[in-house]
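Okay, structure first, notes after.
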Amino acid sequence: MSVFPWVAWYALRRYTAYPLSSVAESVTNTAFAFMRAYVLLALWQARPALGGYDVTDAITFCFLTQAMIGPVQIFRGLELSDRIRSGDVAIDLYRPVGLQGWWLADDLGRATAELLLRSGLPMVAGMLVFTLRPAGPWALAAFALALPLAVLVSFAIRYLVALAAFWLHDDRGLQAIALVMSLFFSGMILPLVVFPGWLGGIARALPWAALIQVPADIYLGKRTGSDLVAALGFQAAWAVALLAAGALLTVAARRKLVIHGG
Amino acid sequence: MPGGVVRVYGLLAWTWIRAAAQYPVSMVLLTFATAAVSMLDVAAIMVMFTRAPRIAGFTAPEVLFLYGTSALSFALADILFGTTERLGKHIREGTLDAMLVRPVSPLIQIATEDFSPRRLGKLVPASLVLALALPRLDVDWTAGRAVMIPAMVLAGVAIFSGLWVLTASLQFVLIDGHGATKSVTYGGAFLTQYPLSMFARDFVRGVTFAVPLAFVNWQPGLYVLDRADPLGLPEAARFASPAVAVVVCVLAGFVWRAGLRHYRSTGS
Amino acid sequence: MIEVAGVGKSFTVRRRAGRIRRSRTTVAAVDDVSFEVAAGEFVGYLGPNGAGKSTTIKMLTGILTPSSGSVRVCGLDPSRQRTTLARRIGVVFGQRTTLWWDLPLRDSLTLIRHLYRVDAAAHRARLAELTGLLELGPFLDTPVRQLSLGQRMRGDLAAALLHDPELLVLDEPTIGLDVVSKATVREFLARLNSERGTTILLTTHDLGDIERLCRRVMIIDHGRLAYDGDLSRLRATVDAGRMLVVEFARPCPPISLPDVIVERVQGPRQWLRLPRTANAAAVVAALADRHEVRDIALRDADIEDVVARLYRQVGTLAK
């Protein structure tokens, strides 16, 4: 049997070890969901039907995306960065298993743990206070595909950022830029449908859209039929491209470690 | 004694800055990156105003004025006391004990930890936005209004600082609670960037009377912008920020001491 | 220097009793402990894990408030006058550094100087002296996280001594150190005590530290002081006896003789423990009578044996 399911299982166990801490995080996620909802409510009062969303869509978007913060890991990078900085990555590289596969399995375990512990509260709280758009069975089924794809793209991006630490003296600056991109261009700060003209066009084509905006649109039933296939294809294409780039960079990193000794 | 505290704070912060300055390129990049992260919220506000001329009855310069005062207050408080949120980590790793065998308050030691010029990056967008928003405000500038601006920023710094210390102190008892207290600190910073009239009335009551975020910039801001208070609080509330700030800080000091006493009697 | 009278510290421990229910029990980590340490003494503080050593140290340094009894250190009440006391004592925790992880050692020491308000000239002189004694020179400008354990410990010692304290409290200073680093640290501490007259209280698991450094040992077990006195007297008090190592011509079953306890058998060799009262010559004669003996050696029990026996004795008393 492959080692990856075990890696994922241990990650799941590790990330569920402090459930209180995770629930505390989801309290803050929920608080922000309410604040963002009121801000969007004011905007939609001034501009009803903005970007093809109605008020219910906009509010549902806030709670849904705050529930996705944990699993899709918008705010944090990979622990791999710390291991590269401390040099412990050498141990990972000498394992007879691929570095990227190992960390992907670890991240999938983490995402599952955070989905279990952090995603419930924002959705339930939102439903109690507002009327949220209920997802139809098809939308829900499609979302069940879109969310793992979002985690894959998120992992692929964070893996690339983490590997950069092999070449950078101090990667904290890059980490911060990565945070800015993933917050702003995913739709986390403001739904991408609100972005005007060319800014909106660019934002919707970048890989970060696959993290939040695309799965949320699918959940809200905005993408159906061939459009739904295109949406999932968009996520899958970015996942494949970025994971491939990660694989190439892993080879380069391994070579650098062998030649320069880290 | 307060002079001594400021001196020690300054000396410790300066030592950290000197250490950070040994890698100037990283330091400059990090300052820019920090500035970029804190630009995000203002970018969101700008994007929203491309879609509507007024939101909740407020114009872009008015909202940016609220953003500027809130962000400036929060950035300064974050620079001074933001690292207190690491208290739980220090308790878990036992480094708090090391602070307790030194002759300086552990609060100052935690607050100055990792003090770096990159923290100043947060000030850049806040002051820039405030400087651009002020001349675009459609108000009758009186001496009172002009004085109110630095006064409200300072009161805001004190209120946010008090909230940093208060929420950090909770970690003496609820070590896993850090994630939730962020909704008061970071959440407060987010909330006060917008006109409070956007939010539900009970919510506004909560952030006026329970966690007094309304006194950071909303109540004094109503005076500057010459607007009526949707909650209908008396006129005096517009000028109550400094008094509220004092109460919050005294309370924070009290809770910190109580938390430390709890830690020293339980050792956990 | 240190006066401890009837001090106790109890903690409330919450245990999971059921799925949700939790039961609370009170555990006495330190129970009615009394001792005094005079200026200039070098005292070793021993005890198995969880015996109450660290809790005592934390009460002496003002980190923890005692539940009962009184503590005076340098004439001060540590829990009430923590910061005043902090200027007069130095504390080193072996398991974790008091230095700042990301700062070079030199900057950590500068921070310490500001914390203790040591003036610049005195700091420079003291730093130069400690740099020489502890051989800090080669790694003064290295970030602490990159230091080896031995280097870090020497850095921690320097940090604790920059303000020239009257009392130095060390919690397991040699834990995990290699032989060379251990020797450097021990030699430094011995000189500090004899030349500068600094009072030193040291907790350790390494009995080598105690044998080399301490005239006096205190042993704590289950929160109670089990022994307080001279190291030499400890051997007499706890009759660990003597060890007779016999090598026979060929392996044979464990010896059975009155008063003799077989501690270990390894091939033809056997380790026999004799009580101090036993007649060694008679035992040797009896052995030679039954088996062919190649070699024989008689020595005092190791300090390890002595302490292990003491822990066992106290353990049975406590039960």
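Here is the naming used below: chain letters follow the sequence lines, and residue numbers restart at 1 for every chain. Given the structure is predicted, the values throughout are model-derived calculations rather than measurements.
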Discussion item. For B:Met39, is the CE atom crowded, meaning more than 12 foreign heavy atoms sit under 6.0 Å from it?
Written reply: no

Response to the item:
So, the part of B:Phe49 with a heavy atom under 4.5 Å from chain A: the answer is neither

Practice prompt. Just give me the residue among B:Arg54, B:Met48, B:Arg51 that pairs up with chain A most often, heavy atom to heavy atom, under 4.5 Å.
Written response: B:Arg51

Worksheet entry | Contacting moiety of B:Phe199, where chain A heavy atoms sit under 4.5 Å | both

Worksheet item: Is A:Arg13 atom CZ crowded by more than 12 heavy atoms from other residues, nucleotides or ligands, each under 6.0 Å away?
Response: no

Fill in: Side-chain (A:Arg172) to main-chain (B:Leu30) donor-acceptor, under 3.5 angstrom
no

Worksheet item: Hey, which of B:Asp41, B:Val47, B:Leu29 has the most heavy atom pairs under 4.5 Å with chain A?
Response: B:Val47

Worksheet item: Crowded around A:Met123 CE? As in, over 12 foreign heavy atoms under 6.0 Å?
Response: yes

Worksheet, complete the sentence: When rounded to the nearest 0.5 Å, the distance separating CG of B:Leu40 from CG of A:Leu183 is 5.5 Å

Worksheet entry | Top of B:Ala56, B:Ala52, B:Gly187 for chain A proximity - count of heavy-atom pairs under 4.5 angstrom | B:Gly187

Worksheet entry | Residues of residues 17-56 of chain A contacting chain B, heavy-atom criterion under 4.5 Å, by residue number | A:Leu20, A:Ser21, A:Ala24, A:Glu25, A:Val27, A:Thr28, A:Ala31, A:Phe32, A:Met35, A:Arg36, A:Tyr38, A:Val39, A:Ala42, A:Leu43, A:Ala46, A:Arg47, A:Leu50

Item to complete: Give a yes or no on this: more than 12 heavy atoms of other residues, nucleotides or ligands lie within 6.0 Å of atom CH2 of A:Trp167.
Response: yes

Fill in: Closest heavy-atom pair and its distance - B:Ala44, A:Leu190
O-CD2, 3.5 Å

Worksheet item: If you draw a 6.0 Å radius around CZ in B:Phe32, do more than 12 non-hydrogen atoms from other residues or ligands fall strictly inside?
Response: no

Worksheet item: Which heavy atom in B:Val37 sits nearest to a heavy atom in A:Ala176, and how many Å separate them?
Response: CG2-O, 4.0 Å

Worksheet entry | More than 12 heavy atoms of other groups within 6.0 Å of B:Arg92 CZ | yes

